[in-house]
Amino acid sequence: MDESPRVRRVRPGVPALPPRPAADGTRGRILRAGLGLFAEHGFHGTSIRDIAAGAAVQSASLYAHFPSKEAILAELVLAGHEEHHTRLVTALLGSGTDPRDRLAALVRAHVQAHTDYPMLAVVANNEMHALSPAAAAPAAAVRRRSEAMLGEVLAMGQQQGVFDIVHLEATAAAIGGMGIRVANWYPAPEPGLSSSQLADVYASLALRMAGARPQ
């Protein structure tokens, strides 16, 4: 039987966050401590005291920055989704008009968001369910916009006759899901690919899944 996903899903290293004003100073230490603990133990397996100890602050000081443990997770989940969405938008803007190029650019950006910030990706995807609907709503809205971008590119390719898609929604879900899983295992001794090489492989796989015709 395979190891527990929670055991295997965190690669060694310092918890990393994308550059953002809210990640500076004490607030940033709290977020990074929470990120590492949520990635390793999950939201329900982490206490406020654990986060305070990891950030080298008193619990009372922590509450001056975040009203609850849920608020820490909510900010991390939103940060992960916003970083991912920004990369997708940037990729599309530089990809031209051919749906094949646009799909490849989206998938490369999708994969590299998960290789560059694996702990954040794991927490944003795996722990979002622990948030209340209200706390999850901002990140959920960003996720819907990202999913819509992929769906629109696939639909455009099908309409133009350059994609031969068996089922659009299922294909979009499969492409998105295979990219998300990268954060759980990359890097690994095998296949020994760089982040950009892996992104190229996944782009090629996505084009095959979409039934892309040769350019």
Side-chain angles (χ1 to χ4, degrees), residues 2-90 109-147 176 179-188 195:
D2 289 344
E3 293 178 73
S4 163
R6 189 164 316 273
V7 173
R8 298 182 59 193
R9 69 182 193 172
V10 182
R11 73 178 186 181
V14 177
L17 291 170
R20 51 195 283 134
D24 293 336
T26 302
R27 188 178 180 86
R29 294 205 313 275
I30 293 169
L31 287 171
R32 284 187 288 274
L35 175 59
L37 290 163
F38 293 150
E40 184 174 1
H41 303 293
F43 177 75
H44 295 296
T46 300
S47 69
I48 279 288
R49 288 185 179 181
D50 294 333
I51 298 172
V57 299
Q58 297 295 320
S59 296
S61 299
L62 186 151
Y63 284 118
H65 296 276
F66 293 95
S68 64
K69 184 177 70 167
E70 183 184 50
I72 299 171
L73 177 61
E75 182 154 332
L76 290 169
V77 170
L78 180 58
H81 281 82
E82 286 181 337
E83 174 69 14
H84 176 256
H85 185 74
T86 297
R87 288 177 178 230
L88 296 187
V89 170
T90 301
H110 177 53
V111 168
Q112 289 194 279
H114 289 77
T115 59
D116 289 352
Y117 297 104
M119 281 192 187
L120 184 61
V122 164
V123 169
N125 289 308
N126 292 10
E127 301 301 323
M128 187 174 176
H129 69 91
L131 296 173
S132 67
V142 176
R143 175 180 284 189
R144 286 192 295 271
R145 293 200 298 272
S146 296
E147 291 172 343
I180 287 172
R181 285 294 297 171
V182 166
N184 295 68
W185 62 264
Y186 184 87
S195 175

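Sequential numbering from 1 along the given sequence is applied to the chain's residues. Note that the structure is predicted; figures quoted are calculated from it, not measured.
Ala52 and Gln58 make their closest contact through CB-C, 4.2 Å (heavy atoms, listed as atom of the first residue, atom of the second, distance). Ala109 approaches Leu88 most closely through the heavy-atom pair CB-CD2, 4.0 Å. Of all heavy-atom pairs between Thr46 and Leu37, the closest is OG1-O, 3.3 Å. What you find for Ile48 and Ser68 is that their closest heavy atoms are CD1-C, 4.2 Å. Residue Pro19 comes nearest to Tyr117 through the heavy atom pair CD-OH, 3.7 Å, listed as atom of the first residue, atom of the second, then distance. Of all heavy-atom pairs between His85 and Ser146, the closest is ND1-OG, 2.9 Å.
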For this session: Please report the C-alpha distance between Met119 and Phe38 in whole Å, then the side-chain angles of each, then the deciding distance to 0.1 Å, and finally whether the side chain to side chain contact (heavy atoms under 4.5 Å, CB included) criterion is met.
Result: CA-CA 9 Å; Met119 281 192 187; Phe38 293 150; over 6 Å; no

Exercise. Can you list the steps and then say if Arg87 with Asp116 is a side chain to side chain contact (heavy atoms under 4.5 Å, CB included)?
Worked result: CA-CA 11 Å; Arg87 288 177 178 230; Asp116 289 352; 2.8 Å; yes

Exercise. Does the side chain to side chain contact (heavy atoms under 4.5 Å, CB included) test come out yes or no for His114 and His84, once each step is laid out?
Worked result: CA-CA 8 Å; His114 289 77; His84 176 256; 3.9 Å; yes

Exercise. Does the side-chain hydrogen bond (donor to acceptor under 3.5 Å, both in side chains) test come out yes or no for Arg143 and His81, once each step is laid out?
Worked result: CA-CA 6 Å; Arg143 175 180 284 189; His81 281 82; 3.1 Å; yes

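Here His65 contributes atom NE2 and Glu75 contributes atom CD; the two are 11.5 Å apart, rounded to the nearest 0.5 Å. Taken from CZ in Arg32 to CG in Leu76, the straight-line distance is 10.5 Å, to the nearest 0.5 Å. Note that the CZ atom of Phe43 and the CG atom of Asn126 stand 14.5 Å from one another [nearest 0.5 Å]. Atom CG of Leu73 sits about 6.5 Å away from atom CD of Glu127, to the nearest 0.5 Å. Note that NZ of Lys69 is 11.5 Å distant from CG of Leu62, once rounded to the nearest 0.5 Å. A distance of 5.5 Å separates CG of Leu35 from CG of Leu17, quoted to the nearest 0.5 Å.
At least one side-chain heavy atom of Leu120 sits less than 4.5 Å from a side-chain heavy atom of Pro18.
Between the side chain of Glu70 and the main chain of Ser132, a donor-acceptor pair closer than 3.5 Å is present.
Environment of CZ in Arg49: sparse, with no more than 12 heavy atoms of neighbouring residues, nucleotides or ligands closer than 6.0 Å.
Aromatic ring pairs are classed by plane angle as parallel below 30°, tilted from 30° to 60° and perpendicular above 60°; the pair His129 and His44 is tilted.
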